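Below you'll find the structure, written out as structure tokens, and then a few comments.
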Amino acid sequence: MSQDLEHVKCLIIGSGPAGYTAAVYASRADLKPVLYTGMLAGGQLTQTTEVENYPGYPEGIMGPEMMENFRKQAERLGADIRYGYVSSVDFSTMPHKVVIDEVKTILADTVIISTGASAKWLGLDSEQKYSGFGVSACAVCDGFFFRGQDVAIVGAGDTAAEEATYLAKMCRKVTMIVRRDEFRASKAMMHRVLHTPNIEILYNTETKEIVGDGQSVTGVIVVNNITNQETTLDVTGFFVAIGHKPNTDIFKGWIHMDETGYILTKPDSTQTNIEGVFCCGDAQDHIYRQAVTAAGSGCMAAIEAERYLAAKEHIVTA
Ligand code: NDP
């Protein structure tokens with residue numbers, strides 16, 4: 001077999017909690033998994049600061065360090081972890097063909113997709129500058145650090161509504177920045193927002209700049225898009241909740257997805273519409289999006305891959 005063609009039992013694409021957990025379980029099931037990390041090795045958690053809600057770390061842990069631990073554990077158990085990204089796939093044949101970095105082809109008996117999702121950002125330089133230092137795209141992950149403080153959140157969908165009510169429980173005041181004169185969120189979510197006394201809604205308002213002292217956020221400049229009036233909100237936290245984008249573009253045309261690109265799996269399973277291809281983590285979950293739920297579904301995917309291969313072997317040898 002040429003150097004650029006390799007046959008593996010289990011190929012894992014992506015290196016967040018889902019991918020690494022799948023690698024741990026697949027290694028222990030002797031599937032000799034090969035995992036490609038993708039562009040952002042370690043996934044979204046490498047861009048956060050402290051993680052306090054992952055079980056097993058009583059004192060909390062920094063996101064990058066936690067992902068380093070995930071990687072080491074998978075490697076210690078035998079997973080072959082490689083830097084590289086998947087440039088294309090061909091799921092029309094068995095084994096499945098997956099091209100890495102446009103040059104190398106892997107033939108895989110099973111494929112576990114754990115490519116995650118990326119939070120959408122406004123695209124402001126100041127947003128990047130203070131990311132992890134007052135700017136966050138996850139209230140459930142980071143809200144706790146702002147207890148008793150004033151924060152702002154941008155967005156008007158279900159995520160923004162849910163996160164605003166979550167933040168309102170621990171923060172003194174939450175200001176919602178809504179770019180139109182209405183919400184996109186469902187009526188039930190809206191009802192909760194409108195009946196939470198410490199949430200203030202600024203309609204027809206857009207974020208101009210996040211301001212800080214060089215270390216952390218001290219405020220947000222917003223502008224009313226009808227009157228053009230600028231206001232500075234004195235907040236220490238700025239949450240972005242304008243949606244997520246699953247990293248699933250390369251699977252389009254092969255794998256069934258919903259209209260926003262989240263991969264569809266069979267109920268109570270990580271099985272996709274393609275035999276031998278499983279999906280776990282944020283690439284298929286737009287509801288929970290937590291490290292621990294991603295890890296749980298990574299475990300499911302590896303167990304399902306193992307059972308799939310065992311059943312196939314049984315048919316061949318029977
Ligand atoms: P959505 O795409 O539904 O909403 C995104 C929101 O962000 C919209 O209000 C949009 O404004 C706003 N927005 C987008 N870009 C900008 C920008 N540049 N500046 C300011 N505002 C911006 O994303 P969600 O993450 O809220 O929801 C995704 C899916 O997940 C939905 O189907 C939702 O129902 C579901 N969900 C369900 C939950 C539940 O059932 N518990 C909880 C969370 C999400 P505009 O309206 O003007 O376009």
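Values below: every heavy atom of this structure, side chains too, minus hydrogens, waters and symmetry copies. Both ligands and their constituent atoms are indexed starting at 1 by order of listing. This one's a predicted model, so the numbers in the text were calculated from it and none came from an experiment.
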I'd like to know whether CZ of Arg28 has more than 12 heavy-atom contacts from other residues, nucleotides or ligands below 6.0 angstrom. no
Determine the interplanar angle of the Phe91 and Phe251 rings, folded into 0 to 90°, and report it as parallel if under 30°, tilted if 30 to 60°, perpendicular if over 60°.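 The arrangement is parallel - the two ring planes meet at less than 30°.
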[Y] backbone acceptor or donor facing [X] side chain under 3.5 Å:
X: Ser27; Y: Tyr25; value: no
X: Gln128; Y: Gly123; value: no
X: Thr165; Y: Ala161; value: yes
X: Thr110; Y: Lys9; value: yes

Would you say Met189 touches ligand 1, if touching means a heavy atom closer than 4.0 Å?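 Yes.
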Within-shell test, Val154 vs ligand 1, heavy atom, strictly < 4.0 Å: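 True for this residue.
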Taking the six-membered ring of Phe145 as reference, does the cationic atom of Arg147 (NZ for Lys, CZ for Arg) lie under 6.0 Å from its centre and within 45° of its axis?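 Negative - Arg147 is either too far from the ring of Phe145 or too far off its axis.
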Under 4.0 Å and counting heavy atoms only, is there anything from the protein next to atom 32 (O) of ligand 1? no
Strictly less than 4.0 Å: does any protein heavy-atom distance to atom 43 (C) of ligand 1 fall in that range? yes
By number and element, which atoms of ligand 1 are closer than 4.0 Å to a non-hydrogen atom of Gly243?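 Matching atoms, with element in brackets: 23 (O), 25 (O).
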Give the numbers and elements of all ligand 1 atoms closer than 4.0 Å to a heavy atom of Arg180.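 Selected atoms, number and element: 45 (P), 46 (O), 47 (O).
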Around [atom], find the nearest protein heavy atom and jot down its residue, atom name and distance.
atom: atom 41 (N) of ligand 1; answer: Glu162 OE2, 3.1 Å
atom: atom 34 (O) of ligand 1; answer: Asp158 OD2, 2.6 Å
atom: atom 29 (C) of ligand 1; answer: His286 ND1, 4.4 Å
atom: atom 22 (C) of ligand 1; answer: Ile242 CG2, 3.4 Å

With Phe146, the ring-ring contact (aromatic ring centres under 6.0 Å, His included) member among Phe239, Tyr166, Phe238: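 Only match with Phe146 under ring-ring contact (aromatic ring centres under 6.0 Å, His included): Phe239.
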My understanding is that we take every heavy atom of each candidate and find the minimum distance to atom 15 (N) of ligand 1. Doing that for Glu163, Lys120, Arg179, Arg184, which one comes out nearest? Arg179
My understanding is that we take every heavy atom of each candidate and find the minimum distance to atom 26 (O) of ligand 1. Doing that for Leu124, Leu122, Thr159, which one comes out nearest?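 Closest candidate by heavy-atom distance is Thr159.
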N/O of Ala160 under 3.5 Å from N/O of ligand 1, yes or no?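 N/O-N/O distance below 3.5 Å does not exist for this pair.
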Could you go through the side-chain hydrogen bond (donor to acceptor under 3.5 Å, both in side chains) check for Thr115 and Asn247 one step at a time? CA-CA 6 Å; Thr115 45; Asn247 303 318; 5.7 Å; no
